[in-house]
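Everything on this sheet refers to the single structure shown next.
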Amino acid sequence: MIDEPARPETAPREQYTHGHHESVLRSHTWRTVANSAAYLIPHLDAGLTLLDVGCGPGTVTVDLARRLYPGQVTGIDASEQIVRRAAGLAFDEGVRNVSFRVGDAYALGFADASFDIVHAHQVLQHLANPVAALREFRRVLRPGGILAARDVDSGGVMYYPKLQGLQLWESAFRDVQYWNGGDPDAGRALKAWARNAGFTNVASSASLWCFASDVEREWWGRSWAERVIESDFAAHAIEVGAADLADLRMMQAAWLQWAGDPDGWCGIPHGEIVARK
C-alpha cells in the first residue's frame, strides 16, 4: 500500500458538478466504447458479465452489452431520471442483455464476486472518497476480474486560441470541482487510487479526446456555451465565488468564438487503468 496524503478518506461535501441539464446529457450521449473505452476492447470477451458504475444515459453501457452478448451487463447511476432514460435507450435499440438500476458507488448492493468486469467512466473524479469506492468495486469482482476506469485530467487540457474566457472557464471549473469534493486531475491519480484500494496488478494508459474539425468544434463549443449558463456548473460557480454572471457570459462568448474559429483546437487527456483482482 502507498500513502496518499492529498486525498483523504472523507470530505465535507460531495456533489456532481455537471448536474443533468439537457445540454450535459447531449454531451454524454456522444460517448461510445470506441471514443471513451477503447483501452478496454481487448478484454471484452463474449459472455462476460459487467457492472457499469455511473452509467449516465447509457450509450456506453448499451455498446458494452452488444459486445459482451450473451453476457449480462448492469448499469447503475445515482439519478433515477437518468436510469429511466438509459433503460429507454436499451429498449429502443433492442438490446436485451442489459439492465439499469439506481445505485451507490460506495455500496453497490451486489454480492461479493458478482462480476467479471467493473467499468467506471468519468466517475472517480466526482467522488470525495475514490479509494473507498474502488474498494467496493473490488469486492464485487470475481477472482481474476477486471476493474476498468477512465477519468479526465483537467490539468492537461489544451486549447487554441488562448481566449481569456476559456482561461476563466478552466479556473472556475477546477474551483467548482474541488468545492464539490471531486478532483479535476483524477486521470493522473487512478493508478495510485487503485493500488491504495488493494489492486496490485494495475496497467495504465492514456488517451485524448480531440475536437478540431468544423463539426466537432460546433458540437463541443456550443455544448459548453450552453452548459456554462444553464447547467448546475453555473449555480455552483456563483455559489463558491469562482465566477459571477458576467464571467459566465464571458465564458459562453469564448466557447462560441472558439467554435466558429477554423483554427480552433481542443485536446482533453484522460488517464486509464485496467486492474486485475
Side-chain angles (χ1 to χ4, degrees), residues 6-8 10-31 54 56-57 77-79 81-82 105 121-130 150-189 209 211 216-261 264-271:
R7 291 294 292 173
T10 59
R13 173 186 174 89
E14 181 177 283
Q15 188 167 348
Y16 183 45
T17 291
H18 301 292
H20 298 105
H21 186 266
E22 188 60 32
S23 61
V24 176
L25 296 181
R26 284 200 305 272
S27 172
H28 289 179
T29 55
W30 164 79
R31 298 172 182 176
D77 198 276
S79 167
Q81 168 198 353
I82 300 307
H121 182 260
Q122 308 286 36
V123 172
L124 296 171
Q125 63 178 290
H126 297 292
L127 300 183
N129 310 310
R150 182 176 189 259
D151 268 279
V152 72
D153 194 306
S154 296
V157 170
M158 302 159 282
Y159 49 83
Y160 184 89
K162 295 181 179 180
L163 302 173
Q164 182 181 357
L166 295 187
Q167 293 172 335
L168 182 59
W169 164 81
E170 187 176 22
S171 174
F173 182 83
R174 295 179 67 81
D175 288 347
V176 166
Q177 194 154 11
Y178 279 129
W179 181 68
N180 279 332
D183 187 342
D185 299 330
R188 71 187 71 180
W209 281 344
F211 304 102
E216 290 165 346
R217 290 193 326 277
E218 175 76 10
W219 175 76
W220 187 248
R222 290 194 174 276
S223 171
W224 264 109
E226 186 175 355
R227 288 167 69 175
V228 296
I229 296 295
E230 301 292 342
S231 75
D232 285 2
F233 165 78
H236 293 170
I238 291 172
E239 187 175 356
V240 75
D244 58 23
L245 185 56
D247 294 327
L248 295 173
R249 293 294 186 193
M250 182 184 296
M251 296 177 206
Q252 181 182 50
W255 276 116
L256 292 174
Q257 181 180 342
W258 175 84
D261 189 335
W265 184 92
C266 181
I268 303 176
H270 295 77

Pair Arg217-Trp258, side-chain contact (heavy atoms from CB on, under 4.5 Å): steps then yes or no: CA-CA 7 Å; Arg217 290 193 326 277; Trp258 175 84; 3.7 Å; yes

Minimum heavy-atom separation for [X] to [Y], with atom names?
X	Y	answer
Asp77	Gly56	OD2-N, 3.0 Å
Trp209	His121	CZ2-CE1, 3.9 Å
Ala186	Asp151	CB-CB, 4.0 Å

Between His236 and Gln177: side-chain donor-acceptor atoms closer than 3.5 Å: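 The answer is no; no qualifying pair exists.
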
Modelled atom types, side-chain donor and acceptor of Asp183 and Gln125, under 3.5 Å: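 Absent: no donor and acceptor within the cut-off.
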
Rounded to the nearest 0.5 Å, what separates atom [atom1] in [X] from atom [atom2] in [Y]?
X	Y	atom1	atom2	answer
Asp261	Trp265	CG	CH2	14.0 Å
Trp220	Ile268	CH2	CD1	4.5 Å
Asp232	Glu239	CG	CD	10.5 Å

Residues 246-255, side-chain donor-acceptor partners within the protein, below 3.5 Å, at least two apart:
unit_1	atom_1	unit_2	atom_2	d
Asp247	OD2	Asp244	N	3.0
Arg249	NH1	Gln252	OE1	3.4
Gln252	NE2	Ala225	O	3.2

Intermediate values then yes/no, side-chain contact (heavy atoms from CB on, under 4.5 Å), His126 and Asn180: CA-CA 8 Å; His126 297 292; Asn180 279 332; over 6 Å; no

Side-chain polar contacts of residues 167-175 - donor-acceptor pairs under 3.5 angstrom, sequence neighbours left out - could you list them?
unit_1	atom_1	unit_2	atom_2	d
Glu170	OE1	Tyr159	OH	3.0
Arg174	NH1	Asp185	OD1	2.8
Arg174	NH2	Asp185	OD2	2.7

side-chain contact (heavy atoms from CB on, under 4.5 Å) partners of Glu216, counting only residues at least two apart: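 Residues passing side-chain contact (heavy atoms from CB on, under 4.5 Å) with Glu216: Phe211, Ala212, Ser213.
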
With sequence neighbours excluded, residues passing side-chain hydrogen bond (donor to acceptor under 3.5 Å, both in side chains) with Asp153: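 Only Arg188 meet the side-chain hydrogen bond (donor to acceptor under 3.5 Å, both in side chains) criterion with Asp153.
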
Those residues that, when tested against Glu218, pass side-chain hydrogen bond (donor to acceptor under 3.5 Å, both in side chains) (two or more places apart):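 Checked Glu218 against side-chain hydrogen bond (donor to acceptor under 3.5 Å, both in side chains); matches are Arg222.
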
